[in-house]
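What follows is a short report on a single structure.
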Amino acid sequence: MTITITPRERIETHWVVTDHLRFLGQLPGTANHLIEVEAPPGSGTPPHTHASPELFAVVEGTLTVRSFGPQGVTTIRLNPGESAAISSMEPHNYANESDAPVRFLVMLDDSMIAFFRDIGRDTPLAPGEAPDFPAIGAAMARHGIGMVAPPG
């Protein structure tokens with residue numbers, strides 16, 4: 001039996017736009033990784049798809065998750081202790097629409113971890129600094145992440 005422990009000071013971290021990601025570990029023998037995300041108020045992702053299924057579990061705050069399907073938009077608000085599983089290629093996004101930070105765990109696969117490492121920064125954006133959206137778009141294309149136009 002092997003147990004791998006990563007002390008907090010050795011956990012890999014990246015800033016992705018305004019979110020702070022901590023790469024907590026990978027399940028041995030699988031492509032599944034667990035990350036912790038701290039998202040400030042107003043943070044979120046545009047509607048998108050990717051091959052990796054995801055499992056979100058909220059630790060603190062309220063996270064809004066949306067699905068963009070043929071029947072329209074489904075909005076779910078997750079509170080601490082609640083989770084949501086998102087299937088592969090499901091059009092979705094997440095957002096922190098509250099006035100307080102939200103902290104949540106996400107389980108996803110290698111492809112998304114590679115994307116986050118590709119666009120992640122060691123430091124947060126400086127006040128007034130805009131994200132490099134062309135670079136993020138190019139990384140999305142490299143990692144098979146598609147943008148979805150919300151209905152309406």
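Only heavy atoms go into these numbers, but all of them, side chains included; no hydrogens, no water, no symmetry mates. Predicted model, so just to flag it, every value in this text is computed and none were measured.
Across all their heavy atoms, Pro80 and Gly61 have their closest contact at CD-O, 3.1 Å. The two residues Leu27 and Thr30 come nearest to each other via the heavy atoms O-OG1, 2.9 Å. Between Ser83 and Leu78, the closest heavy-atom pair is O-CD2, 3.8 Å. Across Val102 and Glu60, no two heavy atoms sit closer than the pair CG2-O, 3.0 Å.
Side-chain contact annotation: Asn93 with Thr45, donor-acceptor N/O pair under 3.5 Å absent.
For the side chain to side chain contact (heavy atoms under 4.5 Å, CB included) criterion with Gln26, the lone passing option out of Asn32, Leu34, Asp110 is Asp110.
His50 places a side-chain N or O within donor-acceptor distance of the main-chain N or O of Ser52, the cut-off being under 3.5 Å. Looking at Glu82, its side chain does come within 3.5 Å of a backbone N or O of Asn79 through a donor-acceptor pair. With Asn96 contributing its side chain and Pro40 its backbone, the two residues share a donor-acceptor pair below 3.5 Å.
Transitive grouping of hydrophobic side chains (ILVMFWY, heavy atoms separated by less than 4.5 Å) brings Leu21 and Val17 into a common cluster. Note on Met147: it does not cluster hydrophobically with Met89, by side-chain heavy-atom contacts below 4.5 Å among ILVMFWY residues. Hydrophobic clustering keeps Leu105 apart from Val16 (ILVMFWY residues linked when any side-chain heavy atoms are closer than 4.5 Å, directly or through intermediates). Under a hydrophobic-cluster definition in which Ile, Leu, Val, Met, Phe, Trp and Tyr are linked whenever side-chain heavy atoms come within less than 4.5 Å, directly or via other members, Phe56 and Val59 are assigned to different clusters. In this structure, Val148 is not a member of the same hydrophobic cluster as Met140, with clusters built from ILVMFWY side-chain heavy atoms closer than 4.5 Å.
Atom OG1 of Thr123 sits about 7.5 Å away from atom CD of Glu129, to the nearest 0.5 Å. From Ser111, atom OG reaches atom NE2 of His33 across 9.0 Å, with rounding to the nearest 0.5 Å. In this structure, the separation between CG on Asp109 and CD on Glu54 is 9.0 Å, given to the nearest 0.5 Å. Taken to the nearest 0.5 Å, the CD1 atom of Ile86 stands 7.5 Å off from the CD1 atom of Ile76. A distance of 4.0 Å separates CE of Met112 from CD1 of Ile145, quoted to the nearest 0.5 Å. Interatomic distance, Thr13 OG1 to Asp122 CG, rounded to the nearest 0.5 Å: 7.0 Å.
Contact annotation: the side chain of Glu90 approaches that of Ser67 to within less than 4.5 Å [non-hydrogen atoms, C-beta and beyond]. Residues His48 and His92 are in side-chain contact: their nearest non-hydrogen atoms beyond the backbone lie under 4.5 Å apart. Considering only heavy atoms from C-beta on, Pro131 comes within 4.5 Å of Ile136 through its side chain. Residues Asp19 and Tyr94 are in side-chain contact: their nearest non-hydrogen atoms beyond the backbone lie under 4.5 Å apart. Within the 4.5 Å cutoff, no side-chain heavy atoms of Thr6 are placed close to those of Leu24.
With respect to the salt-bridge test (charged N to carboxylate O, under 4.0 angstrom), the residues Glu38 and Arg22 qualify.
Relative orientation of the His20 and Trp15 rings is parallel, given thresholds of 30° and 60° on the angle between their planes.
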